[in-house]
Amino acid sequence: MKSIVNCLFLLFLLQLITLCLIASISFISLESTITLFIFDFLFASLTFQLNGTMSRKLGLLAIGNFVGLFWNFVFFNFYSVGAFYFGEFFGAFYTITYPILNLMWIVPFWSLSLSVFPKMQHASALVN
Amino acid sequence: MLVILEVFFLFLTALMIVYLVRHYIFTFTVLRRAKIPKADSASTNITYEPTVSILIPARNEEKVIGRLLQRTAELTYPKNKMQLIVVDDASSDGTGQIIDEYSKRYPFIEVLHRDKTEGGKSKTSAMNAGFKQAKGEIILCFDADYYPQKDIVEKLAKPFANSKVGAVQGRVVVLNEPQNIITRLVALERIGGYRVDQEARDSLELIPQFGGTVGGFRRSLLENLGGWDENILAEDTDLTFRVYLAGYRVAYVGDAECYEEAVDNWRAYWTQRYRWARGHMQCCFKHSLNVLKSKNLKAKEKIDGLLLLNVYFMPLIVLVSLVVGVPLIFFESSKLAGILWFSVPISFYSFVGNFAPFFEVGIGAHLDGRRRIQWLIPFLMFTFLYNIPICTKAFIDLVISRILGKNHNVWAKTTHIGNGNSYITNQTICTERLP
């Protein structure tokens, strides 16, 4: 029974991540979907190898996708308003700053999430 | 004009992506290796106890040298097989007297005093002077501010049982990490550089780098190579490539840890990194062609060697790609420029400190069992931004000196003021546990 609930929970988390990706391409932009893919790739390929339950890993990945989606949504709206007032010039500004600003959520979120996983090895704080 | 710029931008971003992929492979490799249980120590316990000479160059190190010499007396390696040569390199403080006192107390400690006429020029010059006096089969090197594990000599000597190993490198860990934000960031750089980068290069049989300290050489090889090159500022990188070009390899021993006093202010950081950058670029000019032509190197070693030699050019390349990329996007040359632009900011987080990307540093810290230091990873962007002018100046200075034919290197020594001493309590190195 417990394993079935666990499987259902994992499926739910996977659905959430997929929804975030679909929402990003439908309501924001292709760039935001690419950004979420980069984050998902890094997170899945590296942190999934660390100790910890799959539900914890997928849970963190889902939270990350939500954070990314929210961040991109805010930034896209900011761009829309900017483009309305400043025109084409703002498009270039958006393109230049877009990846830089996205790393501002990817790197801290990824770094913070590492603390959630159990230690893999003991710290080498002793000199013999 | 725009097409030329675009092709140039494509070339620069391709280079950055190559480095990103390289470091991703490193991180992935180390993670896979970490999951494999280590072999039983009894089965890998090879008894190999060659005679060892340890060289310690010391110039105005009175605040730290006593700590190291006391520690060497506690080393577990048989003292009858160990020779310790401390080179007092024209010190103007009490370094010489401290070494003399320890030399009287412990017979295996030998002193080589150099006056201002012959000494005080560079670390390499001091090392060569000490090497002439060395008698051991294995030559190990330590910096004066280091604090080694008691069994470090056994760990560093062991790989030499393999006749193909010409040099060995241990791990450098920051001793004064909790001191301030700079020492913490340097500690992160060291973690990325050693825990992941060096270890991956060793296990993938690429080119692990001899780091100038906490390592050593087979004596016969070092004699054949003619010792340290006094015209190169990054003598460690230079020796790494000379070892490989001679048909030997460098072994990395991650559990041979030695604790160093990291730079604790931005000025000292600049001085140290400028020396590293300029020295590394000198090595790039000196060895790139030899690496390509070498018959002793495999294809993967050549690729990694070239990437390693060029790594200090990366901050410059990121700077140039910014300068080229921004106008391209403003002029809307093509969709490709916009897509490639993605790699530029990623590179901001990819060439920090020892040029390890954020994910590499994070995984390294996690594998070390660290819980909180990863939180500082976003701030590594500032050290990278700081590295841009450092590497740019190093490159310009080097080009000017080559054009003018003046290959005069000023060895800017890192000052050690003993800040690490307070972090050694009861033989325990305090990192996150104590303020």
Side-chain angles (χ1 to χ4, degrees), chain A residues 29-52 57 60 64 86-128, chain B residues 24 27-28 31-32 34-35 71 74 76 147-152 171 173 254-255 257-259 322 325-326 329-332 337-339 341-346 348-349 358-363 365-372 374-378 380-381 424 427-433:
Chain A
S29 62
L30 179 65
E31 285 92 338
S32 63
T33 318
I34 294 170
T35 308
L36 287 181
F37 261 120
I38 292 173
F39 170 74
D40 289 345
F41 171 73
L42 270 181
F43 202 94
S45 64
L46 297 176
T47 48
F48 272 34
Q49 295 191 52
L50 304 178
N51 290 341
K57 289 168 187 171
L60 273 169
F86 302 107
E88 282 301 301
F89 170 80
F90 207 78
F93 172 75
Y94 175 73
T95 313
I96 289 164
T97 52
Y98 184 80
I100 298 168
L101 286 171
N102 260 293
L103 274 171
M104 287 185 177
W105 74 265
I106 293 177
V107 179
F109 184 86
W110 194 82
S111 310
L112 285 170
S113 65
L114 284 174
S115 303
V116 179
F117 297 107
K119 286 181 183 181
M120 281 186 89
Q121 286 171 14
H122 290 292
S124 51
L126 273 176
V127 185
N128 280 345
Chain B
Y24 178 79
T27 314
F28 198 81
L31 264 174
R32 302 290 290 184
K35 291 164 101 178
R71 188 61 173 176
E74 295 161 8
T76 51
Y147 189 79
Q149 290 173 321
K150 281 182 184 173
D151 58 347
I152 198 163
R171 184 176 173 186
V173 182
D255 59 350
E257 290 181 0
C258 199
Y259 297 79
L322 276 172
V326 170
I329 289 164
F330 267 101
F331 290 118
E332 290 184 82
I339 294 166
W341 178 255
F342 261 87
S343 64
V344 180
I346 294 174
F348 266 50
Y349 278 109
F358 70 93
F359 50 82
E360 184 173 325
V361 177
I363 291 295
H366 187 78
L367 291 176
D368 262 356
R370 307 298 299 272
R371 306 292 290 183
R372 290 189 300 173
Q374 296 95 315
W375 300 353
L376 291 175
I377 288 173
L380 282 173
M381 185 189 245
I424 303 167
Q427 295 186 3
T428 304
I429 301 300
C430 312
T431 51
E432 289 180 340
R433 295 170 194 176

Is there a donor-acceptor pair under 3.5 Å between the side chain of A/Ser115 and the backbone N or O of B/Arg371?
yes
Please report the closest heavy-atom contact between A/Pro118 and B/His366, naming both atoms and the distance.
O-NE2, 3.3 Å
Give the minimum heavy-atom separation between A/Ser111 and B/Ile377, together with the two atoms involved.
OG-CB, 3.5 Å
First locate atom CG of A/Leu114, then atom CD1 of B/Ile363, and finally report the distance between them rounded to the nearest 0.5 Å.
5.5 Å
Check this for me: A/Phe48, atom CZ, are more than 12 non-hydrogen atoms of other residues, nucleotides or ligands nearer than 6.0 Å?
yes
What part of A/Leu112 is in contact with chain B, defined as an atom under 4.5 angstrom from a non-hydrogen atom: side chain, backbone, both or neither?
both
So do the side chains of A/Leu46 and B/Tyr24 get within less than 4.5 Å of each other, counting heavy atoms only?
yes
